[in-house]
Amino acid sequence: MCGIVGYVGSSNSLGVLLGGLRRLEYRGYDSAGIAIIDPAGALHTRKRAGKLQILIDDLETTPIASGLTGIGHTRWATHGGPNDENAHPHLGDDGKLALIHNGIIENFAELKRELLESHPDTVFTSETDTEVAAILVGLEYRRTGDLAEAFRHVVARLHGAFTLLALHKDEPGVVVGARRNSPLVIGLGNGENFLGSDVAAFVEHTRRAMEIGQDQIVTIRADSVTVTDFDGVPAHGKEYEVLWDASAAEKGGWSSFMAKEISEEPDAIAKTLLGRVVDGAVHLEELEPLADALAEIDRIVILGCGTAAYSGMLAKYAIEKWTRIPVDVELSHEFRYRDPILNARTLVLSVSQSGETMDTLMAVKYAVANGARTLSICNTQGATIPRESDAVIYTHAGPEVAVASTKAFVAQVAAFYLFGLHLAATRGTLSASEITGLLDELQALPAQLEEVLEQHDAIKQLAGWMTDTRAVLFLGRHAGYPVALEGALKLKELAYIHAEGFAAGELKHGPIALIEAGQPVFVVVPSPRGENSLHPKVISNIQEIRARGARILAIAEKGDASVLPYADVVIPIPLASTLFEPLLAVAPLQIFAMELAAAKGLDVDQPRNLAKSVTVE
Ligand code: AGP
């Protein structure tokens, strides 16, 4: 999950590279570096541990030569700690080639041993797998005199997932890239061309993009783009228009990207629904490739990681209820190693904001290889996971830059719900009027969520009182349980506070031993309305822990007076039915985690040890 950018054109590449890295920094921020070929054909590199700003400051203090060809990298450390030596770019042994890398080269140790046997004088200056690739490509370049050809010889020997970019001083005006199970996209300009881990790298310069397929090599020049497979056979990527502009990926005056993106949640739902509800019915033409298969499926397996997995857990309640098809939710990284039972009647439904999460990508590829049909829900156009799936339902939340996923979560649930209602309609498990009623509830969510967000300041104040909190528990039941898990994850990844989500009914089976005087516990309280409401049971759970000293912070429906006697704090949310209330209850927990992190002086957008898209297994 590093950020990668490449450029060849008529502008000073330094500005293009740093601007691209700024937009990609959410992918990893342990170190940053650039390599530029100047007009005289000299190769210049600069790299620094730490965030991009450290590199920028260094370049201001000690300028680097300008040039029209360059590559840039912002790193999330895998092999080798985050220091200057391990920062990218890495050089070939003669110093004429610079290379950057996203992913893991699993057989790098073996390749390193072979290199030292064949070239005993080779000197490694880092602990990285990347440097091994740089030296190999440099050696091959000396043999072939052609950078793309040198790439072809090397990538065939690499195992694992990788995106590689390189330039060579003897080929000014050329940047070559290669990808396997790791993101890389082309930006098509006028008299200039770009490469990036995602379109954020170049969207301020061009919104014309082109996909690069699996096991392909791309060569960009100022006036040409050439794509081949690893054997050199020409290939043609699909061109597309990026749907959002550079300003969408800017903070726009907000204190953080996360705050901006939480504020965009109503819009994220509305845009995901836009054009997909017509005359009270669901309209998902992107499911056409799966039309026949969906009539036959007898099981759905939802795959995801982290927040995406929790959106799937919430969707399970709705899809099972509406379609009567069994739905399992599995963590991607567990799924493919447990020898799951799959066949053509199984629909593997992956969910991923980035569409590049390696754990989920590999699980989807496993599902395809084992005969299942596949559908992905994704927020990133042209990402790898949708490309590996039979069909994709894109969420339209816009770019999500903050590492902590927020608006993507609610957009994912909206997309899941559309899919579930589509399936219920095609299988006749819900009547047209029932579907229309549920779609009305779905379409009411943006306005209701706006109402919840109006409580931001009150939640901020609550967070300010709790900066010394050392552990927080989150309880939910039924569709509220995934919200409890998501609330706990937000607090862990943002405020570095131990937090745990529980199914409320599980507490008495052990975890209640954790309760001691003053222990803060958030409780997602279901609506008291409806004959099967679990409200009474959750109130009982609250009484059990309150009796043992817990401090109750309840998220409950406006007007729910029955919770007042037992809660120290009540965060009211608008009235919504059981399957829709969680989409309103999650926002206060996201805001709380963000504001508590901010009150502790932590970096809300780029929490320690994390990256936005985990593109390594
Ligand atoms: C969520 O806040 C985390 N950043 C993380 O759990 C994330 O949801 C997970 O890595 C999945 O990412 P994806 O949606 O891009 O696949």
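No experiment lies behind these values; they were computed from the predicted model shown. Whatever order the structure lists ligands and atoms in, that order sets their numbers, starting from 1.
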Please write down residue, atom name and distance for the protein heavy atom closest to [atom].
atom                    : value
atom 12 (O) of ligand 1 : Thr357 OG1, 3.5 Å
atom 10 (O) of ligand 1 : Val614 CG2, 4.0 Å
atom 15 (O) of ligand 1 : Ser354 OG, 2.7 Å
atom 3 (C) of ligand 1  : Glu493 OE1, 3.4 Å

Closer than 4.0 Å to some heavy atom of [X] - which atoms of ligand 1 meet that?
X      : value
Ser405 : 1 (C), 2 (O)
Cys305 : 8 (O), 9 (C), 11 (C)
Val403 : 2 (O), 4 (N)
Thr307 : 1 (C), 2 (O), 6 (O), 8 (O)
Ala404 : 2 (O)
Ala308 : 8 (O), 14 (O)
Gly306 : 6 (O)
Gln353 : 13 (P), 14 (O), 15 (O), 16 (O)

(message) Can you confirm if the aromatic rings of Phe162 and His101 lie within a centre distance of less than 6.0 Å?
(response) no
(message) Could you check, using the six-membered ring where one of them is a Trp, whether Tyr417 and Phe580 have ring centers closer than 6.0 angstrom?
(response) yes
(message) Tell me whether ligand 1 is touched by Lys490 - counting only heavy atoms on the residue side and a distance under 4.0 Å.
(response) yes
(message) Any atom of ligand 1 sitting under 4.0 Å from a heavy atom of Ser613?
(response) no
Is there a donor-acceptor pair under 3.5 Å between the side chain of [X] and the backbone N or O of [Y]?
X      : Y      : answer
Glu450 : Leu445 : no
Ser389 : Val392 : no
Ser354 : Ser613 : no

(request) Report the C-alpha separation of Glu356 and Thr384 in whole Å, then their side-chain angles, then the decisive distance to 0.1 Å, and conclude whether the side-chain hydrogen bond (donor to acceptor under 3.5 Å, both in side chains) test is met. (result) CA-CA 6 Å; Glu356 301 297 347; Thr384 306; 2.6 Å; yes
(message) Looking at Glu264 and Lys407, is any side-chain nitrogen of the basic one under 4.0 Å from a carboxylate oxygen of the acidic one?
(response) yes
(request) Could you tell me whether Lys51 and Asp603 make a salt bridge, using a distance below 4.0 angstrom between a side-chain N and a carboxylate O? (result) yes
(request) Mind checking whether Glu356 contacts ligand 1 via backbone (N, CA, C, O), side chain (CB onward), both or neither, at a 4.0 Å heavy-atom cut-off? (result) neither
(request) For Arg338, look at atom CZ and say whether over 12 heavy atoms of other residues, nucleotides or ligands are found less than 6.0 Å away. (result) yes
(request) Determine, step by step, whether Thr307 and Glu486 satisfy the side-chain hydrogen bond (donor to acceptor under 3.5 Å, both in side chains) criterion, reporting the C-alpha distance in whole Å, the side-chain angles of both residues, the deciding distance to 0.1 Å, and the verdict. (result) CA-CA 6 Å; Thr307 294; Glu486 172 57 10; 2.9 Å; yes
